[in-house]
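Here is the structure we will look at, set down as structure tokens.
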Number of protein chains: 2
Amino acid sequence: MLRDLKDARRNTLKRNSRLSLALHTLSHMAGNPEKMRTSADIADHAGTNPVVVRRVLGRLREAGLLTSEKGHAGGWQLARAPEAITLADVYLALDERLVASDENADAPACSVEHALHKRVSSVLEDVERSLVQKLGETSISEMRGN
Amino acid sequence: MLRDLKDARRNTLKRNSRLSLALHTLSHMAGNPEKMRTSADIADHAGTNPVVVRRVLGRLREAGLLTSEKGHAGGWQLARAPEAITLADVYLALDERLVASDENADAPACSVEHALHKRVSSVLEDVERSLVQKLGETSISEMRGN
DNA sequence: GATACACGCAACACATAATGTTACGTGATC
DNA sequence: GATCACGTAACATTATGTGTTGCGTGTATC
């Protein structure tokens with residue numbers, strides 16, 4: 001029965017999966033920052049795979065949000081106080097770029113098209129900045145019910 | 001040569017392709033709202049396929065941003081003044097939901113996990129609303145250089 | 001009314017990117 | 001040294017979007 005439930009939860013691809021996983025995990029960790037958590041535990045809670053967890057959390061570690069320890073009694077911990085980790089930190093660590101494109105697209109040959117392209121990109125960049133600013137207003141500690 | 005250039009431009013998958021195509025097309029149309037444009041013309045400018053154009057613009061028509069006419073001398077036109085079409089209109093018409101998930105994800109069994117999930121979703125919904133508001137501040141007429 | 005034009009839509013192939021999974025190496029602790 | 005947990009590579013699987021073709025429908029032109 002528990003097996004069936006787990007089967008129902010896994011193998012489901014979600015949009016914004018990385019961001020969702022990162023946010024849920026960090027929020028959960030914020031409730032007990034001292035506790036060391038293994039990728040297996042986290043994967044169980046998130047209904048996914050330990051390797052996937054390590055992939056995502058690895059990016060957060062590169063951004064300085066998490067620390068990881070190998071070996072016995074190893075696992076993951078917050079690198080700093082949960083109040084000091086904002087959603088923007090998480091978003092930027094994952095390098096998602098939800099709104100603006102990555103700007104490596106081909107530049108149109110026509111000059112008027114080129115100007116329009118630059119204008120659109122500029123506006124979307126502005127929106128992206130606005131998004132990051134909004135994300136920066138909330139810390140992961142505020143995601144807990146406490 | 002022109003053949004090669006076109007070959008280089010097509011078959012390139014971009015992120016946010018629909019939004020990008022819609023924005024560029026509408027901005028371009030805003031420069032000359034009276035002109036009727038065919039999906040073939042638009043596809044040429046965008047370096048894509050007429051069917052793809054019709055797919056994307058079809059959504060914009062459903063949202064009341066565009067009108068399409070069949071038959072000879074048919075094509076696409078803005079349904080209203082370009083000043084009255086905001087980026088939020090376009091974004092919502094495409095139903096992208098860049099930040100918040102589609103909320104059809106499975107609800108966790110554990111109650112504390114469930115509460116956290118709801119909290120995270122709530123915050124992301126708030127961010128999404130903020131994004132739409134920001135997009136609503138710019139009209140497609142402002143994307144033109146004029 | 002026949003023809004050409006343009007959208008509407010379905011069906012399929014193809015490409016891309018993410019996740020799921022397995023396996024093996026490395027470091028740390030007991 | 002045995003165990004545990006991360007680090008990483010490699011591959012399979014899945015999801016999503018795009019490219020493409022074909023055919024139907026409606027409309028203007030001749």
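Numbers restart at 1 for each chain; the letters A, B, ... are given by sequence-line order, proteins then strands.
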(message) Give the residues of residues 52-60 of chain B touching DNA chain D, defined as any heavy atom closer than 4.0 Å, sorted by residue number.
(response)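 The stretch gives B/Val52, B/Arg55 as the residues lying under 4.0 Å from the strand, ordered by number.
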(message) Are B/Val51 and B/Leu57 linked, directly or through intermediate hydrophobic residues, by side-chain heavy-atom contacts shorter than 4.5 Å (ILVMFWY only)?
(response)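 No.
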[atom1] of [X] versus [atom2] of [N]: gap in Å, rounded?
X: B/Lys70; N: C/dT3; atom1: NZ; atom2: C1'; result: 17 Å
X: A/Arg18; N: C/dA17; atom1: CZ; atom2: P; result: 11 Å
X: A/Ile42; N: D/dG7; atom1: CD1; atom2: P; result: 11 Å
X: B/Leu66; N: C/dC7; atom1: CG; atom2: P; result: 12 Å
X: A/Glu69; N: C/dC30; atom1: CD; atom2: P; result: 12 Å
X: A/Asp41; N: D/dA5; atom1: CG; atom2: P; result: 8 Å
X: A/Leu21; N: C/dG20; atom1: CG; atom2: P; result: 9 Å
X: B/Asn16; N: D/dT18; atom1: CG; atom2: C1'; result: 15 Å

(request) Take B/Pro50 and A/Ala73, find for each the nucleotide of DNA chain C with the closest heavy atom, and name the residue whose nucleotide sits nearer the 5' end. (result)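 On the 5' side of the pair lies B/Pro50.
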[X] has a side chain; which of [options] sits nearest to it?
X: B/Thr48; options: D/dA9, D/dG19, C/dG8; result: D/dG19
X: A/Ser39; options: C/dT22, D/dC6, D/dT20; result: D/dC6
X: B/Arg61; options: D/dT21, D/dG7, C/dC9; result: C/dC9
X: B/His72; options: D/dC4, D/dC6, D/dA28; result: D/dA28

(request) Name the residue closer to the 5' end of DNA chain D, choosing between A/Gly74 and A/Val51 according to the nucleotide with the nearest heavy atom. (result)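 Result of the comparison: A/Gly74.
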(message) Using the side-chain contact (heavy atoms from CB on, under 4.5 Å) criterion, which residues pair with B/Arg59? Sequence neighbours excluded.
(response)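 By the side-chain contact (heavy atoms from CB on, under 4.5 Å) rule, B/Arg59 matches B/Arg18, B/Leu94.
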(request) Decide yes or no for B/Leu65 and B/Leu78: does some side-chain heavy atom of the first lie under 4.5 Å from some side-chain heavy atom of the second? (result)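 No - every pair of side-chain heavy atoms lies 4.5 Å or more apart.
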(message) Measuring to OP1 and OP2 of C/dG8, would you say a side-chain N or O of B/Ser68 lies under 4.0 angstrom away?
(response)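 True: B/Ser68 side-chain N/O within range (under 4.0 Å) of C/dG8 OP1/OP2.
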(message) So, OP1 or OP2 of D/dT20: does either fall under 4.0 Å of a side-chain N or O from B/Asn49?
(response)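 Looking at the OP1 and OP2 atoms of D/dT20, one of them is under 4.0 Å from a side-chain N or O of B/Asn49.
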(message) If we ignore hydrogens and angles and just use 3.5 Å, is the side chain of B/Asn16 paired with the main-chain N or O of A/Val99 as donor and acceptor?
(response)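 Yes, because the side chain of B/Asn16 sits within donor-acceptor range (under 3.5 Å) of the backbone of A/Val99.
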(message) I'd like to know if the side chain of A/Asp95 reaches the main chain of A/Leu92, judged simply by a donor and an acceptor atom lying under 3.5 Å from each other, with no hydrogens or angles considered.
(response)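 Pair absent, no side-chain N/O of A/Asp95 close to backbone of A/Leu92.
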(request) Could you tell me whether B/Gly71 contacts a base, only the sugar-phosphate backbone, or nothing, with contacts defined as non-hydrogen atoms closer than 4.0 Å? (result)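 Base contact - B/Gly71 has a heavy atom under 4.0 Å of at least one base atom.
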(message) Does B/Gln133 have more than 12 heavy atoms from other residues, nucleotides or ligands lying within 6.0 Å of its CD?
(response)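 No.
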(message) Name the residue from B/Arg37, B/His28, B/His24 that meets the side chain to side chain contact (heavy atoms under 4.5 Å, CB included) definition with B/His45.
(response)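 When side chain to side chain contact (heavy atoms under 4.5 Å, CB included) is applied between B/His45 and each of B/Arg37, B/His28, B/His24, only B/His28 qualifies.
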